[in-house]
Enquirer: 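Have a look at the structure that comes next, please.
Proteins come first, then strands; the chains are lettered A, B, ... in the order of their sequence lines, and each starts at number 1.
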Number of protein chains: 2
Amino acid sequence: MNNSFSPRTGSPQAGSQQVGSQQVGRLYGVGVGPGDPELMTVKAIRTIAACPVVAYFCKRGTKGHARRIASDAITAEHEELPMVYPVTVELPPDHPDYGRQIEAFFDESAERIAVHLAAGRSVAALNEGDPFFYGSFMHLFLRLASRFPTEVIPGVTSMVSSASLLPRPLMLRDDVLSVIPGTLDEESLVRTLRHTDAAVVMKLGQNLPKVRRAIAAAGLADRAWYVERASMAEQRVLPFAEAPDTAPYFSQIVIPGEGKRG
Amino acid sequence: MNNSFSPRTGSPQAGSQQVGSQQVGRLYGVGVGPGDPELMTVKAIRTIAACPVVAYFCKRGTKGHARRIASDAITAEHEELPMVYPVTVELPPDHPDYGRQIEAFFDESAERIAVHLAAGRSVAALNEGDPFFYGSFMHLFLRLASRFPTEVIPGVTSMVSSASLLPRPLMLRDDVLSVIPGTLDEESLVRTLRHTDAAVVMKLGQNLPKVRRAIAAAGLADRAWYVERASMAEQRVLPFAEAPDTAPYFSQIVIPGEGKRG
């Protein structure tokens, strides 16, 4: 194996490892998939089992989506480390205090994990879908990967889970796929949608009316689908025209490609 | 559950099901992930176990990548249906006979599967990565999904598996990701690369020198990585400048985003 990131490769192992003169734990960003616990990988389940500490983000009063997906893999032997978002309702995301509070929360969450790692206890940080695909794990990764051996366990994304419910492949032949956050302004959305063959629009929420206008302006309304909570018991697949006005967190617009040839 | 594709949802089940007046089997497109057998999902393993027939594409004289990844899930009880590509060396892909021969091969493969389905035997058709993400399963899906109950089991893509080895998340915040086949002409490659935040270029092979020029022209050389055989024992991660001139099938260029804000 020839790899520039020796701390980032290799198989999950229980307990700690020697780094320099000190026994430190390993940080795992574990992709737990889109929602159906059966869409967890064998490696994700084994990694959780091998780590004494399981960390996850959640909202106040809940255990969080990732924790719920992984619940069968977590035992009474695990030390659980819930990281409870401080401000998800009280302040709007564009309020100046929101950014400061949320960054301070990520700093503090990373330090709580660092205490375990420094003491030689490996930590499985759960992440819905895949950790590097818009994953919340990035907040921990950017703060800890330079200090502790860190490994990302890839997962099934909500994107391919949503696409799996449609009557056409997401991409085939020479299709280009664009994955687009619904947070972009309307003009950027239209431009990006016009220059692609297949598209997935994520982060819908309150952005859905804007995304709807952009898809219509790009001439893609007839090819688009709305998919909500793919792989979960309450999953819904609707033609784009029947999409609701506001969308839950677990939803996306999927526009399969037409199989362009080079 | 409210879903427009009743035949395409629900849990895998052994054996056959009633459709109209006839007992027919179900066709499963099973994503087996990027290469490490541990990156198969629990659902993929259970679906294979529940199907009496396992089908997979392969080259003459080999069992194929997907069959190798899934080998621990396949038992002596399974009937194996290898679908051996007829022309992968003899004719170049742009030869007029190549397209005809390969389409006839997919027609024939689909009919071999249809015989089992019509007789009430469910078939697990294996697919590296995810079946709808440039997957070879599309050739079967496009021919059979209108005739038999068909379900796609999503898998971990080689894209997120490759990205998991890098020192930065693939996308964060408001990054747009473009997934680009290296088969595009150089001008299209440059244009697509210039209008995205993060990118993954797949289908490299003989296209690598062209892709290399396009990435340099788009000014992305410093941010790009070459990843080969991610998650397999022989995986390699190289800075873009050190990429080889020809790339094996299991390789891609990954350009992580920089975390643009809307």
Enquirer: Please classify the contact between R173(B) and chain A as side chain, backbone, both or neither, with a heavy-atom cut-off of under 4.5 Å.
Expert: both
Enquirer: Chain A heavy atoms under 4.5 Å from T196(B): which part of the residue, side chain, backbone, both or neither?
Expert: neither
Enquirer: Indicate, with yes or no, if the rings of F57(A) and F106(A) have centres closer together than 6.0 Å.
Expert: yes
Enquirer: Counting neighbours of CG on D222(B) that are heavy atoms of other residues, nucleotides or ligands and sit closer than 6.0 Å, is the number greater than 12?
Expert: no
Enquirer: Give the C-alpha distance, both sets of side-chain angles, the deciding distance and a yes or no for side-chain contact (heavy atoms from CB on, under 4.5 Å) between F137(A) and L27(A).
Expert: CA-CA 11 Å; F137(A) 178 67; L27(A) 173 60; 4.1 Å; yes
Enquirer: Can you establish whether the number of heavy atoms outside E186(B) located under 6.0 Å from its atom CD is more than 12?
Expert: yes
Enquirer: Using non-hydrogen atoms and a 4.5 Å limit, figure out which bit of D197(B) sits close to chain A: side chain, backbone, both or neither.
Expert: neither
Enquirer: Check whether M40(B) gets within reach of chain A through its side chain, its backbone, both or neither, counting any heavy atom under 4.5 Å.
Expert: backbone
Enquirer: Who among L177(B), I45(B), D175(B) has the most heavy-atom pairs with chain A under 4.5 Å?
Expert: L177(B)
Enquirer: Output the option from D36(B), V227(B), L39(B), I180(B) having the highest count of non-hydrogen pairs under 4.5 Å with chain A.
Expert: L39(B)
Enquirer: Might you confirm whether atom CD of E242(A) has over 12 heavy atoms from other residues, nucleotides or ligands at distances under 6.0 Å?
Expert: yes
Enquirer: Would you mind checking if E128(A) and R68(A) are paired as a salt bridge, meaning a charged N to carboxylate O distance below 4.0 Å?
Expert: no
Enquirer: So which of T157(B), V179(B), T192(B), D130(B) has the largest heavy-atom pair count under 4.5 angstrom toward chain A?
Expert: V179(B)
Enquirer: With a 4.5 angstrom heavy-atom cut-off, is it the side chain or the backbone of M159(B) that approaches chain A, or both, or neither?
Expert: side chain
